[in-house]
Amino acid sequence: MGPSRDRRRRSVRLVSAVRLAGVRTSWRTLDDGDFFCPGCGGDRRFRRRTGRRRLVLLGVPVLPRGTAGPVLECAVCRGHFGPEALDHPTSDRLAAMLRHAVHTIVLAVLGAGGAEAGAAREVAVESVRAIGFPDFTEDQLLALLLAVSADSSVSMEIELHEALVPLAPHLAPGGRESLLLRGARVALADGLYGAGEREVLASVGRSLGMDAEDVDRLLAAARTPS
């Protein structure tokens, strides 16, 4: 009984000491914004915060114990996450990136050949409407193609790279394949792939981080009637 009673007493003293002394973090908000919360799994507001740790004795801060953060604090779950959480786009931002990607692919494919064919333009317009521009018209498409062709400073390969490379890490393999196939359908609407169209589609695949063999396989499959 003696040793057991001593252990209980030591446990009580330890708990009391923990209650009397500890480390407390005082947080300060730097700014706020929207992010995709890894804890909630959805778009949320965040506060970017930094903190100072202090040893607290009897509720009174007595000694500094360094800094904390910066962290992103979710306004809903109150979880703390590193700044790298901002690398994942919000759902709204991801949708905008997808719309821009399809828009750029369509213009690049048409600009490489087939813009004269009504069938190709029709498929291109349908593709753009399907990803969030329901009022997009063929006249708008032709105006964009004219503007791109008139501006010698525009390189569609660079445009594809800028639109697709930031998006690729956030897409599943099926999502990357779907983007490539959207371009393939536009190219095939007026017949077989032209050399320029094939080059553009290869650039789409590279920008999405796809192997050349996978690109060739998908483009061949797109030519086969289902």
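Because the structure is predicted, anything quoted here is derived from the model rather than measured.
Here CG of Leu208 is found 9.0 Å from CG of Leu160. Values are rounded to the nearest 0.5 Å. Expressed to the nearest 0.5 Å, how far CG of Asp32 lies from CD of Glu73 amounts to 11.5 Å. Atom CD1 in Ile158 sits 13.0 Å away from atom OG1 in Thr104 (nearest 0.5 Å). Distance CZ/Arg45 to CG/Leu72: 12.0 Å, rounded to 0.5 Å. Taking CZ of Phe81 as the start and SG of Cys74 as the end, the distance is 6.0 Å to the nearest 0.5 Å. Here Met210 contributes atom CE and Glu177 contributes atom CD; the two are 5.0 Å apart, rounded to the nearest 0.5 Å.
At a threshold of 4.5 Å between non-hydrogen side-chain atoms, the residues Arg182 and Val186 do not count as touching. Side-chain contact between Val204 and Val109 is absent, with no heavy atoms from C-beta onward closer than 4.5 Å. The shortest side-chain heavy-atom distance between Val125 and Thr137 does not fall under the 4.5 Å cut-off. Residues Arg47 and Arg78 meet the side-chain proximity criterion, which asks for heavy atoms closer than 4.5 Å. Under the 4.5 Å side-chain criterion, counting only non-hydrogen atoms from C-beta, Leu180 is in contact with Leu219. Annotation: side chain of Ile131 is not in contact with side chain of Leu98 (no heavy-atom distance under 4.5 Å). The shortest distance between side-chain heavy atoms of His100 and Glu162 does not fall below 4.5 Å. With contacts defined as side-chain heavy-atom distances shorter than 4.5 Å, the pair His103/Leu144 qualifies.
The two atoms that bring Glu197 and Gly113 nearest to each other are OE2-O, 2.8 Å, heavy atoms only. For Ala222 against Ala184, the heavy-atom pair with the smallest separation is CB-CB, 4.0 Å. For the residue pair Asp87 and His170, the shortest heavy atom distance occurs at O-CE1, 3.4 Å. Closest non-hydrogen pair, Arg121 versus Ala115, comes out as NH1-O, 2.9 Å. Closest non-hydrogen pair, Val102 versus Ser127, comes out as CG1-O, 4.0 Å. Heavy-atom minimum distance, Val76 versus Arg44: CG2-CD, 3.3 Å.
Within a 6.0 Å sphere centred on CD of Glu157, heavy atoms belonging to other residues, nucleotides or ligands number 12 at most. Residue Arg99 qualifies as enclosed at atom CZ: its count of foreign heavy atoms under 6.0 Å is above 12.
The closest side-chain donor-acceptor pair between Thr29 and Arg49 falls under 3.5 angstrom.
Listed for the Arg185 side chain is no donor-acceptor partner under 3.5 Å among the backbone atoms of Val123. Judged by distance alone, with hydrogens and angles left aside, the side-chain atoms of Asp43 form a donor-acceptor pair with the main-chain N or O of Ser91 at under 3.5 Å. Looking at Arg52, its side chain never comes within 3.5 Å of a backbone N or O of Thr67 through a donor-acceptor pair.
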Show your reasoning for whether side-chain contact (heavy atoms from CB on, under 4.5 Å) applies to Asp92 and Asp34.
-> CA-CA 10 Å; Asp92 287 345; Asp34 296 316; over 6 Å; no
Show your working on side-chain contact (heavy atoms from CB on, under 4.5 Å) between Leu218 and Leu201 and close with a plain yes or no.
-> CA-CA 10 Å; Leu218 289 167; Leu201 293 171; over 6 Å; no
Going through the distances and angles, do Glu159 and Val148 end up as a side-chain contact (heavy atoms from CB on, under 4.5 Å)?
-> CA-CA 11 Å; Glu159 294 292 324; Val148 169; over 6 Å; no
Ser203 and Glu199: CA distance, side-chain angles, deciding distance, side-chain contact (heavy atoms from CB on, under 4.5 Å) verdict = CA-CA 6 Å; Ser203 181; Glu199 184 178 344; 6.0 Å; no
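Follow the hydrophobic side-chain contacts under 4.5 Å out from Val71 and you never reach Leu86; the two are in separate clusters. Note on Phe35: it does not cluster hydrophobically with Met97, by side-chain heavy-atom contacts below 4.5 Å among ILVMFWY residues.
Aromatic ring pairs are classed by plane angle as parallel below 30°, tilted from 30° to 60° and perpendicular above 60°; the pair Phe36 and His88 is parallel.
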